[in-house]
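Here is the naming used below: chain letters follow the sequence lines, and residue numbers restart at 1 for every chain. In what follows, every heavy atom counts, from backbone to side chain, and hydrogens, waters and symmetry copies are set aside.
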There are 2 protein chains.
Amino acid sequence: MAEVMDAAIKPRQRRKEARPAELLAAALEVFAEKGFAATRLEEIAARAGVSKGTVYLYFESKEALFKAAIETAMTPAVEAVEAIANDPTRPAAEMLRCFVVGWWERIGTTQLGAVPKILVAESGNFPEVARWFHETIISRAQRAVARLIQIGIERGEFHPVDPMLAARVVFSPMFAIIIWRRAFGHFMPDLPEPRRFLDEALAILTYGLVARKKDES
Amino acid sequence: MAEVMDAAIKPRQRRKEARPAELLAAALEVFAEKGFAATRLEEIAARAGVSKGTVYLYFESKEALFKAAIETAMTPAVEAVEAIANDPTRPAAEMLRCFVVGWWERIGTTQLGAVPKILVAESGNFPEVARWFHETIISRAQRAVARLIQIGIERGEFHPVDPMLAARVVFSPMFAIIIWRRAFGHFMPDLPEPRRFLDEALAILTYGLVARKKDES
DNA sequence: AATAAATTACCGACCGGTCAGTAATTTATT
DNA sequence: AATAAATTACTGACCGGTCGGTAATTTATT
């Protein structure tokens, strides 16, 4: 929005350094809204405050722009996310909460939250990108959670569940809320506050729905 | 496959009654794979064993075909799914399991499993369809689960959670596995057996990850 | 029963519009 | 003035949608 207005006021600026990043941000936005095939390069260009031709000064093709947008958006978040829950001094349940909340705040609430939806949508058309995403993002994060659960089990804090399966279970509510917000959020005023939802999810995941008769937590 | 071969052997069959259903099935398949914009009508026609022109004998437009494919696929499943868990004589946890397993078997394992992925992908381009899907499928099912949880709470079988939030939490693993299978299943041999995953999810949701010191379930 | 006439499901070439990508041109910067 | 950045005008491929024609089927006629 701001870029577009600037562009209207000051057309034909020369800002070689800033263009790629602005184009990538705009691309992520539009791809997230419309999917790959339905987005027009002209719209991306317009949102970045340039004309279509300019896009080709910085990117080979639409597909290259697409891949670059996803990779540059996600990669810096990966290490940060992986490190989030690596403080084994605290109780396992607390580390789990830290991880989920941290992931939500770093991915779900930001521009990056668009990426899962894009990849689900385009997995059929871009299997290589989907594979890359799954291996370097989802799998990696799930392995981290699985390790964390493994520690919890070894310490006797958790039931002896299958760590990898349990990691996926823990992941599910986060994945679901990110997708739901982006896909159905517009016309869904009754969508729960994500933090409340995640808190409830964490509570259920840690203590379960079933009330014990004897002792209460 | 069989249709295509038959078509190659016996071109130009006249089967007015069978065409619409075959076209809808083929459409659902291709739309699920490629998304709306990227699917070519010619491919749908080919998979249904007819030519492109024939599609327009039975459907107004690509968009009409898209909507029809989704609606006719989902609608018959809705009532069945809603009735699944309406036997309040059994324990709440058992009803919950019934619902999740039933949903998985009726939606997840069939052609219908493609619909959630399509709608996530196209929610930006077809807000009306997405809204319809959310209201008549997701919301409806979640309300059913919420009612079920409410009963569990009133009976003292469940903790006093927020039923609507908890319903979404229960829904998440099912939603996630359906999406994951369709989006990343092809190149993911290590994806868990869905039934094992759902069993683990149910176990965690009902009893929680945290082990109680005093009594063991 | 055989054949001709009428009907209609189906085909596929074609048209028009759209859009990714490119080449020619203009404008900013040094 | 030289060059690099950005725009504009253009091209060609592609695809949704149409339509004249064709072949399968039904009905009428003998």
Could you give me the CA-CA distance, side-chain angles and deciding distance for S172(A) and F197(B), then say whether side chain to side chain contact (heavy atoms under 4.5 Å, CB included) is met? CA-CA 11 Å; S172(A) 300; F197(B) 170 76; 3.7 Å; yes
State, with a plain yes or no, whether a side-chain heavy atom of L96(A) is found less than 4.5 Å away from one of L205(A). no
Go through S123(A) and K117(B) one step at a time and tell me if the side chain to side chain contact (heavy atoms under 4.5 Å, CB included) criterion holds. CA-CA 10 Å; S123(A) 57; K117(B) 196 199 126 187; 3.7 Å; yes
CG of L57(A) versus P of dT22(C): gap in Å, rounded? 12 Å
For nucleotides 13-18 of chain C, 5' to 3', base contacts (B), sugar-phosphate-only contacts (S) and non-contacts (-) with protein non-hydrogen atoms under 4.0 Å give ------
Could you tell me whether E128(B) and R131(B) have a side-chain N and a carboxylate O separated by less than 4.0 Å? no
Sugar-phosphate, base or nothing in reach of L41(B), heavy atoms under 4.0 Å: sugar-phosphate
If you assign A38(A) and E60(A) each to the DNA chain C nucleotide with the nearest heavy atom, which residue ends up on the more 5' nucleotide? A38(A)
dC19(C) C1' sits how many Å from K34(A) NZ, rounded? 14 Å
Under 4.0 angstrom, heavy atoms only, what part of the nucleic acid is F59(A) near: base, sugar-phosphate, or nothing? nothing
Please report the distance, rounded to the nearest Å, between CD in E63(B) and C1' in dG17(D). 14 Å
Give a yes or no on whether the backbone of A144(B) and the side-chain of E82(B) come within a donor-acceptor separation of less than 3.5 Å. no
Within the structure, does a side-chain N or O atom of T54(B) lie under 4.0 Å from either OP1 or OP2 of dC10(C)? no
What's the NZ-P distance between K62(A) and dG21(C), to the nearest Å? 8 Å
Pair E122(B) + K34(A): basic N to acidic O under 4.0 Å: no
Give a yes/no answer on whether the side chain of Y58(B) brings an N or O atom under 4.0 Å of OP1 or OP2 in dC10(C). yes
Are any protein N/O atoms closer than 3.5 Å to N/O atoms in nucleotides 3-8 of chain C? If there are, list each pair with its distance.
from: dT8(C); atom 1: O2; to: R14(B); atom 2: NH1; distance (Å): 2.8

Based on Watson-Crick and G-U pairs with both distances under 3.5 Å, what dot-bracket line describes DNA chain D 5' to 3', crossing pairs as [ ] and inter-strand pairs as |? ||||||||||||||||||||||||||||||
On the 0 to 90° scale, with breaks at 30° and 60°, tag the F99(B)-F171(B) ring pair as parallel, tilted or perpendicular. tilted
Residues R195(B), E105(B): salt bridge by 4.0 Å N-O rule: yes
Do H186(B) and P127(A) come within less than 4.5 Å of each other through their side chains, counting heavy atoms only? no
Do the ring planes of F31(B) and F66(B) sit parallel (below 30°), tilted (30 to 60°) or perpendicular (above 60°)? perpendicular
Whole angstroms only, please: what is the OH-C1' distance between Y56(A) and dC10(D)? 14 Å
Would you please test K67(B) and E63(B) for salt bridge (Lys or Arg N to Asp or Glu O under 4.0 Å) and show each step? CA-CA 6 Å; K67(B) 291 177 181 171; E63(B) 191 169 331; 3.3 Å; yes
